[in-house]
Amino acid sequence: MKYIFGLLGYPLHHSLSPCLHRQFLQACGLQGEYQLFPVAPQDIPGLQARLQDLRSGLLQGLNVTIPHKQTLLPFLDDLTPEARAIGAVNTILLREGRLLGENTDAPAFAQTLEEYFPEPSGADFRFAEQANPSRRALVLGAGGAARAVILALRQRSWQVSVFSRRPEQAQALASPFEVSAITARPVADDFDLLVNATPAGMFPALQGCPWPEDWGDLPACSLVYDLIYNPAETLLLRRARLQGLPTLNGWPMLSRQAALAFTRWTGLTPPLKGLSPC
Ligand code: NAP
């Protein structure tokens with residue numbers, strides 16, 4: 001059997017997904033390819049055509065990225081509970097003739113966090129009613145990636161504050177995710193984790209930083225986590241390093257969300273060790 005996977009989004013020329021999935025296919029000894037399907041924002045027939053390819057078996061799996069992660073939801077038959085809670089999908093597969101939308105960003109983020117903040121074995125990852133006051137996170141940004149991060153943190157009892165440059169966007173998350181929306185500029189309080197879930201600092205706008213200089217020092221936390229993977233060290237991570245804070249970029253999460261999608265499509269778990277940089 002030859003697998004054909006693909007990515008729906010726009011623009012796609014910087015995508016690292018083909019490089020990752022090619023390595024997964026090879027490592028698992030499978031025949032296949034990963035194609036890019038650039039579909040412009042308003043091109044609903046273009047989206048529907050690719051979904052039809054999945055229904056008919058021409059494709060075995062689709063990833064979804066900006067700007068379609070949310071716009072695609074009405075065209076799917078089912079959503080996993082996580083995708084429904086996040087309100088965005090990044091992976092689609094055919095299950096019993098129905099199109100199922102999933103979100104592998106939240107579990108991928110959780111897997112990468114485990115190394116820094118291990119969970120007790122046998123932990124029950126249900127949405128926490130009581131937040132743990134000794135695990136405090138500040139999330140910058142309130143878009144799709146922030147929602148995935150926040151869900152994963154709340155399922156692990158983190159106490160979460162969210163800041164977004166449009167206060168109403170952060171406020172919209174307060175009630176469904178039981179987080180605190182920061183509407184003024186955040187203070188460098190005693191957070192354990194700072195997550196950048198905005199594109200500020202992403203290539204080619206390398207001088208961007210979600211924590212502007214005039215806010216002063218970054219919070220003295222145990223990890224500064226930037227979801228951006230290009231460049232490997234954003235201005236935010238550079239400032240964190242110069243402040244002596246541990247840092248993590250978005251590459252481990254990117255490779256894990258891709259591996260989780262690959263597993264959903266093939267039933268196989270690709271090795272992450274020894275992956276060549278894309
Ligand atoms: P999104 O849905 O467009 O949300 C972006 C958020 O950042 C919004 O709150 C947006 O506010 C805010 N924002 C945008 N530009 C900003 C700026 N210059 N300064 C401050 N805030 C800004 O995007 P997303 O899908 O959540 O993605 C966010 C980032 O995460 C991207 O860099 C993406 O590459 C990365 N990501 C990484 C992974 C991974 O696996 N490593 C996975 C998913 C996403 P407005 O609405 O006001 O613009």
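Whatever order the structure lists them in is the order used to number ligands and atoms, beginning at 1.
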- Hey, looking at atom 11 (O) of ligand 1, which of E168, R147, Q169, Q257 has the closest heavy atom? Q169
- Given C209, A145, P67, which has its nearest heavy atom closest to atom 24 (P) of ligand 1? A145
[X] N/O under 3.5 Å from ligand 1 N/O:
X    : answer
M202 : no
G144 : yes
G250 : yes
K69  : no

- Can a cation-pi geometry be assigned to R154 and F177, taking NZ or CZ under 6.0 Å from the six-membered ring centre and within 45° of the ring axis? no
Shared ILVMFWY cluster between [X] and [Y], side chains joined below 4.5 angstrom?
X    : Y    : answer
L113 : V139 : yes
L260 : V149 : no
L272 : Y34  : yes

- Numbering as shown, the atoms of ligand 1 that approach A142 to under 4.0 Å (heavy-atom distance): 9 (O)
- Query: At a 4.0 Å threshold, what atoms of ligand 1 neighbour a non-hydrogen atom of I228?
  - Reply: 32 (O)
At a non-hydrogen distance cut-off of under 4.0 Å, which region of [X] contacts ligand 1 (side chain, backbone, both, or neither)?
X    : value
Y229 : side chain
N90  : neither
L140 : neither
R166 : side chain
L254 : both
A148 : neither

- Pairwise side-chain contact, Q60 with L93, heavy-atom cut-off 4.5 Å (strictly under): no
- More than 12 heavy atoms of other residues, nucleotides or ligands under 6.0 Å from CZ of R84: is that the case? no
- Message: Just checking Q243: does its CD atom have more than 12 heavy atoms from other residues, nucleotides or ligands closer to it than 6.0 angstrom?
- Response: yes
Charged N-O contact under 4.0 Å between [X] and [Y]:
X   : Y   : value
R98 : E96 : no
R55 : D77 : yes
K2  : E33 : yes

Can you pull out the closest protein heavy atom to [atom]? Residue, atom name and distance to 0.1 Å, please.
atom                    : value
atom 14 (C) of ligand 1 : P199 CD, 3.3 Å
atom 4 (O) of ligand 1  : G143 CA, 3.3 Å
atom 37 (C) of ligand 1 : L227 O, 3.3 Å
atom 23 (O) of ligand 1 : I66 CD1, 3.9 Å
atom 17 (C) of ligand 1 : R165 NH1, 3.3 Å
atom 28 (C) of ligand 1 : A197 O, 3.4 Å

- Message: If we count only non-hydrogen protein atoms and require a distance under 4.0 Å, does atom 19 (N) of ligand 1 qualify as touching the protein?
- Response: yes
- Query: Heavy-atom distance from atom 33 (C) of ligand 1 to the protein below 4.0 Å?
  - Reply: no
- Query: Any non-hydrogen atom of P210 lying under 4.0 Å from ligand 1?
  - Reply: no
- Task: Return yes when G208 approaches ligand 1 closer than 4.0 angstrom through a heavy atom, no otherwise.
- Result: no
- Message: Using the ring-ring contact (aromatic ring centres under 6.0 Å, His included) definition, which of the options Y116, F109, W251, F191 pairs with Y225?
- Response: F109
- Message: Counting the benzene-type ring for Trp, do F203 and H14 have ring centres under 6.0 Å apart?
- Response: yes
- Ring centres under 6.0 angstrom apart (Y3, W265): no
- Message: Determine whether D192 and R136 satisfy the following criterion, salt bridge (charged side-chain N to carboxylate O under 4.0 Å, His left out), listing intermediate values before the conclusion.
- Response: CA-CA 5 Å; D192 306 287; R136 301 185 59 204; 6.0 Å; no
